[in-house]
S.K.: 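Sending over a structure as structure tokens; questions will come in a sec.
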Amino acid sequence: MTKFIKGMDLSTLLELDRCGAKYYDHGKERDILDIMKDYDVDTIRLRLWNDPKSELGEPYGAGNNDLAETITIGKKVTDAGFGVLLNFHYSDFWADPGKQIKPKAWADYGVEELERAVYDYTLDSLTKVIDAGVNVTMIQVGNELSNGLLWPEGQVPAYDNIAKFVSAGIRACRKVNADIPIMIHLDNGGNNELYVRWFENYIKRGEDFEYIGLSYYPFWHGSLDALEFNMNDIAKRFNKDLIIAEVSMGFTMEDYKDYEKLDDSQRKGYATKPSLVEKIDYPMTIQGQADFTKDFLGRVANVADDHGKGFFWWEPAWIPVPGSGWATPASLKYMNDPGPCGNEWANQALFDYDGNVLPALEVIKDFKK
């Protein structure tokens, strides 16, 4: 039986380090990767953006995860003994169900050009990552593809084009190393209709893959019961292994404005709006986060026919330090987003605002499938 993956997305690792983030384990300052290793984490997920800067060279922020940054982090975590889930976005910045913006260099491409560009970019990038010595143990082709990718050509319901683009990425990965497993990832892990519709459309059109990846944020994506129902249904329906590619849960609703040192006009504040939090299964407290984590892990590990293979906590180290936010003025322009910027995620980390390990990380350490 393969090991149950305990993963973390640490794509902002170097940015946080540059901004002075410090982490503490039982009161002792320690390197973040040493902490993760001691808490039984085995794989680090890293996003890859094509060109996360403006035409004038202004960085888009949120880790600035271009190929050079991703390789640098990848080598660092490989040297520390971790595997790497490489996460292709096929965009210059965030790609999710609300936006799948073509890279600037591909802005005028049609379907055939986009299919070729995905293949060439994936082949070139993956080759460079592996040649640099990064231990790539899994590849994610596209990010939260619920509404497609490379809009408008690849937007749902254009499943023919979606399958062309995703399959081009998969073929490139197989050419570089056919033994590395492939994940296809949607959001909204509690939405069974979405997963059945999307994968029924894709599977009859597209290249094969190993893992269905799900995002599950309890304040956005329904109850744990809904997640469990969906996981069991799609595991049996499609006979695929499942990984929760993104998960998090808050430990507080206290503000962290004083840590960010930004005016109210410059900060978005946390994503966990009170109206959303009222509906979730556990309270957003330190104990509530730990209790949620234990319940969540048990459900993933017990998916039908042993198809539940692990999880990745999203940005567990993104504590509120000045200088690290979800966007910059340059990336707001790329996304046509009104902003503001700032950190949206600090109250869902596995460290408190001062960088101390939270009990939920102990739960992860102690969990056995």
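This one's a predicted model, so the numbers in the text were calculated from it and none came from an experiment.
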S.K.: Is it the case that Arg197 and Asn201 place a side-chain donor and acceptor less than 3.5 Å from each other?
M.R.: no

S.K.: Salt bridge or not between Asp225 and Arg299? Use side-chain N to carboxylate O under 4.0 Å.
M.R.: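 Salt bridge: yes.
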
S.K.: Among side-chain atoms of Asn343 and Tyr270, is any donor-acceptor pair under 3.5 angstrom?
M.R.: no

S.K.: Charged N to carboxylate O below 4.0 Å: is that the case for Glu200 and Arg237?
M.R.: yes

S.K.: Looking at Asp40 and Lys365, does any basic side-chain N land under 4.0 Å from a carboxylate oxygen?
M.R.: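 No.
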
S.K.: For Phe82, is the NZ or CZ atom of Lys37 found under 6.0 angstrom from the centre of its six-membered ring and inside 45 degrees of the ring axis?
M.R.: yes

S.K.: Taking 4.0 angstrom as the limit, do Lys104 and Asp51 come out as a salt bridge?
M.R.: yes

S.K.: Would you call Lys75-Asp79 a salt bridge at under 4.0 Å N-O?
M.R.: no

S.K.: So does Glu246 pair up with Arg45, basic N to acidic O under 4.0 Å?
M.R.: yes

S.K.: Is it true that Glu69 and Arg18 make a salt bridge, defined as a side-chain N closer than 4.0 Å to a carboxylate O?
M.R.: yes

S.K.: Assess whether a salt bridge exists between Arg116 and Asp120, defined as any Lys/Arg side-chain N lying under 4.0 Å from an Asp/Glu carboxylate O.
M.R.: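 Asp120 and Arg116: salt-bridged.
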
S.K.: Are Glu260 and Arg267 close enough for a salt bridge, meaning some N to O gap below 4.0 Å?
M.R.: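 Between Arg267 and Glu260 there is a salt bridge, with a charged N closer than 4.0 Å to a carboxylate O.
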
S.K.: Taking atom types as modelled, is there a side-chain donor on Gln140 or Arg47 under 3.5 Å from an acceptor on the other?
M.R.: no

S.K.: Please verify the inter-ring angle class for Tyr121 with Phe88; under 30° counts as parallel, over 60° as perpendicular, anything in between as tilted.
M.R.: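 The arrangement is perpendicular - the two ring planes meet at more than 60°.
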
S.K.: Can a donor-acceptor pair be found between the side chains of Ser248 and Tyr216 at a distance below 3.5 Å?
M.R.: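 Checked: Ser248/Tyr216 side chains show no N/O donor-acceptor pair below 3.5 Å.
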
S.K.: State whether Asp208 and Lys240 are salt-bridged, where the test is any N-O pair (Lys NZ or Arg NE/NH1/NH2 against Asp/Glu carboxylate O) under 4.0 Å.
M.R.: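 Counted as a salt bridge, because a side-chain N and a carboxylate O are separated by less than 4.0 Å.
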
S.K.: Please examine the side chains of Leu67 and Lys128, heavy atoms only from C-beta on, and report whether any two atoms are closer than 4.5 Å.
M.R.: yes

S.K.: Examine Leu276 and Ile280 and state if one hydrophobic cluster contains both, with Ile, Leu, Val, Met, Phe, Trp and Tyr joined whenever side-chain heavy atoms are less than 4.5 Å apart.
M.R.: yes

S.K.: When you check the gap from the basic side-chain N to the acidic O, do Asp233 and Lys236 get nearer than 4.0 Å?
M.R.: no

S.K.: Is any side-chain heavy atom of Phe251 closer than 4.5 Å to a side-chain heavy atom of Gln348?
M.R.: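 Contact flag for Phe251/Gln348 side chains = no.
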
S.K.: Run the salt-bridge test on Arg30 and Asp38 with the 4.0 Å N-O cut-off and return the result as yes or no.
M.R.: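 Looking at Asp38 together with Arg30, the answer is yes, because their closest N to O distance falls below 4.0 Å.
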
S.K.: For Pro340, does its backbone N or O pair with a side-chain atom of Trp326 as donor and acceptor, under 3.5 Å?
M.R.: yes

S.K.: Rounded at 0.5 Å granularity, tell me how far CG in Leu186 sits from OH in Tyr195.
M.R.: 4.5 Å

